[in-house]
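To keep things clear, I will list the structure first and then write my remarks on it.
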Amino acid sequence: MELVWPIVLLVLGLIVGFALGRSGKGGRPAGPRDENDTVEHAAHARLSALDRKLRSVMDHLGVPDPEPALQDVLRFLEQGKKVQAVKAYRDATGADLHSATQAVDEIARENGL
């Protein structure tokens, strides 16, 4: 069961990274559709299917979805409460203090906070 959380967090990290890439940050400029857009669309479809399967496995195993708890982290960061954000992250993920602090710093950086 201890192996489930790192896998869940890894997949969620990939999903967030992919979503940020699709939002236009660091991506190529908008232009006419070409074969790269087709490849990106196929990758997005595969990622969506993987996300649905992961959620199904999580539901089957009774593993809670950590995303709502990570929303608390973002809310605390927006309020300037980094200590509470780190605590919320640790509660949601079980991470140690050092890892949680690094993760919260990264979340803050990604969200311009």
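None of these values were measured; they are calculated from a predicted model.
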Rounded to the nearest 0.5 Å, how far does [atom2] of [Y] lie from [atom1] of [X]?
X	Y	atom1	atom2	result
Asp96	Gln102	CG	CD	8.5 Å
Gln84	Arg75	CD	CZ	10.0 Å
Leu97	Thr101	CG	OG1	4.0 Å

Treating Ser99 as the side-chain partner and Ala95 as the backbone partner, does any N or O pair qualify as donor plus acceptor under 3.5 Å? no
Is it the case that the side chain of Arg90 and the backbone of Ala100 share a donor-acceptor pair, with hydrogens and angles ignored and the cut-off at 3.5 Å? no
Can you tell if the side chain of [X] reaches within under 4.5 Å of the side chain of [Y], non-hydrogen atoms only?
X	Y	result
Lys82	Asp105	yes
Tyr89	Ile107	yes
Leu74	Glu78	yes

Closest approach of Val86 and Val104, non-hydrogen atoms and distance? CA-CG2, 3.8 Å
Looking at every non-hydrogen atom in both residues, tell me the closest pair between Val73 and Ala85 and how far apart they are. CG2-O, 3.6 Å
Salt bridge flag under 4.0 Å for residues Arg109 and Glu106: yes
